[in-house]
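Read the numbers this way: they start at 1 and go in the same order the structure lists the ligands and their atoms.
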Amino acid sequence: RLLIVDFGSQVTQLIARRLRELNVYCEIKPFQSVTDALLDEFAPKAVILSGGPASVRDENSPRPPQKVFELGVPVLGICYGQQVMMQMLGGHVERGDGTSEFGRAFVTPTEARIDLLDRWFAADREQVWMSHGDHVARLAPGFAVYGTSPGAPFAVTADLERRFYAVQFHPEVHHTPAGRTLLENFVRDAGFSGDWTMGAYREEAIRLIREQVGDAKVICGLSGGVDSSVAAVLIHEAIGDQLTCVFVDHGLLRQGEADEVVTMFRDNYNIPLIHADEQELFLGELDGVSDPETKRKIIGRLFIDVFQKYANEIEGAAFLAQGTLYPDVIESVSFSGGPSVTIKSHHNVGGLPEKMGLKLVEPLRELFKDEVRALGRELGLPDSFIGRHPFPGPGLAIRCPGEITREKLEILRRADAVYIDQIRRHGLYDEIWQAFVAILPVRTVGVMGDGRTYDFACALRAVTSVDGMTADYYPFTHEFLGETATRIINEVKGINRVTYDITSKPPGTIEWE
Ligand code: XMP
């Protein structure tokens, strides 16, 4: 296994992700925890020193133990990792004085070639992503330069004898297109065969959950979404019936959704599940409310109350399980204010753990969405479930602009089911990031048969996106849209007009409220 020593870079997790893509098992340890004893116990086959915000020129700047360089295994230093390596091995680092580089830069190879850069340069130079103030001014003994950039004469350096490699740029980020090749060359050099799998991740995650939880009880809020479901199934595999799930049915779910979730977890997986049917409560409190923010606040507050009420019935619960993903972790750190914070805090039942004196179990904290899906498949969750589009915490409430009534919710559910069925029939579901119907708070006049109708209008929404932060509308064909409109009007009583929302985000948002 490979050890990543984390010096606090924003992108350390990406190193781990790239290595998992290369089927190499790795663990990230904060630099404070990396002691001689840990190195003995971990016995890494290779070490990567991450980037970080500190300056090696500062007193007390973080360092790995000297022993890292005495293990006889390959070491790769990235950015701060490069500088700390040079400093500790006898080189010299200088503060940036006008030579800082942030963002795109180009590395040119030197005459001498090394395996680390094998298959690397597509042309005579390769784009990399830099983010550094300080830079190496003198190499440590044994090192030579193999790549340079205008702001970093020592962009790629190595001591081939000892198999120490150090780069100034970030090979792990998307904007260093050939970075993956560099990491691949590094792990091959270290002797990894690349046979690690998601199955091994599952085993390791189970071991860690058991270690953290012991024989305490855990509660998990299930939303029916992919993240909380994968977390629940994984935790159940680790600790069995010490886990109880709570599924809050706020009456704002899609057609058949509550049954699906309950059947899947209770009947197929035998996971103890409390089905909190609180539709009356939620719909009662939302009665007559039309302001979007007020709706969201009411739902958020009731959700926490209800969850707490049911959780209190579970005696001895000491942990709250959440399906927090790595992007949620980054976002909650780097955003302050703005709607994304509210979105995330609702999604992750923010504030609950402290209020209830519960500790958190977050087994997906290191994973990205596609990795969670892969883990879900590994755990045997059906593909149809794993590939589901995201669904917002406040549910259909924010797809029903204006006042929410049971009648409108029922019409919305039926229209949405027809629309999604159309998308699946046409094989488009996986191409679309999210699709749904919104019911509009207007009635319009139509003619059906020989009679006049005066029914609701609805809007279809379908977007492509990577992370939900920006989005574009999906370019359905006119045939598809026409056929779908006809089906909805024929099959759903209460709707006589269908429109297609072609707003991108920004300026629109994905949901209507
Ligand atoms: P917007 O409408 O802000 O949505 O463009 C971006 C993504 O977030 C989802 N969303 C939510 N998810 N709780 C959630 O868990 C919320 O309150 C919430 N509001 C929006 C939305 O469905 C889309 O995927």
Side-chain angles (χ1 to χ4, degrees), residues 220-231 246-254 257 261 282 286 289 291-304 306-307 322-332 335 337-352 362 364 368-370 372-373 386-401 404 412-413 416 419-420 423 429-439 459-474 501-513:
C220 177
L222 269 189
S223 67
V226 179
D227 307 342
S228 61
S229 302
V230 171
V246 179
F247 171 59
V248 178
D249 182 350
H250 48 25
L252 300 160
L253 297 167
R254 287 167 291 191
E257 195 163 16
V261 172
F282 280 85
L286 286 168
V289 178
D291 176 65
E293 269 316 293
T294 315
K295 282 185 193 172
R296 279 177 176 272
K297 293 221 169 81
I298 291 173
I299 296 168
R301 171 173 58 76
L302 292 178
F303 194 92
I304 291 188
V306 166
F307 190 83
Q322 288 187 165
T324 319
L325 306 191
Y326 185 60
D328 302 339
V329 178
I330 321 181
E331 276 173 29
S332 52
F335 286 96
S340 50
V341 169
T342 320
I343 287 167
K344 292 298 168 189
S345 60
H346 177 233
H347 177 69
N348 292 325
V349 223
L352 251 188
E362 297 180 305
L364 312 180
F368 291 78
K369 191 85 179 180
D370 54 328
V372 170
R373 293 199 162 119
I386 282 169
R388 274 161 49 132
H389 292 168
F391 187 65
L396 300 181
I398 57 176
R399 296 176 179 177
C400 193
I404 300 167
L412 174 56
R413 277 192 190 101
D416 193 73
Y419 180 44
I420 298 299
I423 290 175
Y429 191 83
D430 294 336
E431 267 180 50
I432 293 169
W433 198 75
Q434 192 172 17
F436 57 86
V437 176
I439 181 163
L460 312 180
R461 183 84 164 128
V463 294
T464 52
S465 177
V466 176
D467 49 19
M469 308 293 278
T470 57
D472 202 358
Y473 76 89
Y474 186 79
D501 178 357
I502 53 167
T503 321
S504 61
K505 171 184 179 173
T509 55
I510 296 176
E511 302 289 347
W512 272 53
E513 286 191 337

Where ligand 1 meets Lys505 - atom numbers and elements under 4.0 angstrom, heavy-atom basis: 1 (P), 3 (O), 5 (O), 6 (C)
With heavy-atom distances below 4.0 Å as the criterion, list the atoms of ligand 1 near Arg296. 16 (C), 17 (O), 18 (C), 19 (N), 20 (C)
Should the proximity of Phe436 to ligand 1, defined as any heavy atom under 4.0 Å, be assigned to the side chain, the backbone, both, or neither? neither
Indicate yes or no: does an N/O atom of Arg399 lie under 3.5 Å from an N/O atom of ligand 1? no
Short list, please: which atoms of ligand 1 are under 4.0 Å from a heavy atom of Trp433? 24 (O)
Geometric N/O contact Pro394 with ligand 1, under 3.5 angstrom: no
Whether Phe282 and His250 hold their rings parallel, tilted or perpendicular, with breakpoints at 30° and 60°: perpendicular
Under a 4.0 angstrom heavy-atom cut-off, which atoms of ligand 1 come close to Gly468? 6 (C)
Minimal non-hydrogen separation, Leu222 against Phe247, with atom names: O-CD1, 3.2 Å
Scan Trp433, Tyr429, Tyr419 and name whichever one has a ring-ring contact (aromatic ring centres under 6.0 Å, His included) with His389. Tyr429
For Glu513, is at least one N or O under 3.5 Å away from an N or O on ligand 1? no
Is the backbone of Thr503 close enough, under 3.5 Å, to the side chain of Arg461 for a donor and an acceptor to pair up by distance? yes
Polar contact flag for Glu511 and ligand 1 (N/O pairs, less than 3.5 Å): yes
Is a side-chain N or O of Asp416 found less than 3.5 angstrom from the main chain of Phe436, in a donor-acceptor match? no
Among Ile439, Leu396, Leu252, the one residue meeting side chain to side chain contact (heavy atoms under 4.5 Å, CB included) with Arg413: Leu396
Provide the number and element of each atom of ligand 1 under 4.0 Å from a heavy atom of Thr509. 1 (P), 2 (O), 5 (O)
Restricting to side chain to side chain donor-acceptor pair (under 3.5 Å), what partner residues turn up for Glu257, sequence neighbours left out? Arg254, Arg388
Determine whether a donor-acceptor pair (N or O, by modelled atom type, separation under 3.5 Å) exists between the side chain of Arg373 and the backbone of Phe368. no
Going by distance only, is there an N or O of Ile398 that falls short of 3.5 Å from an N or O of ligand 1? no
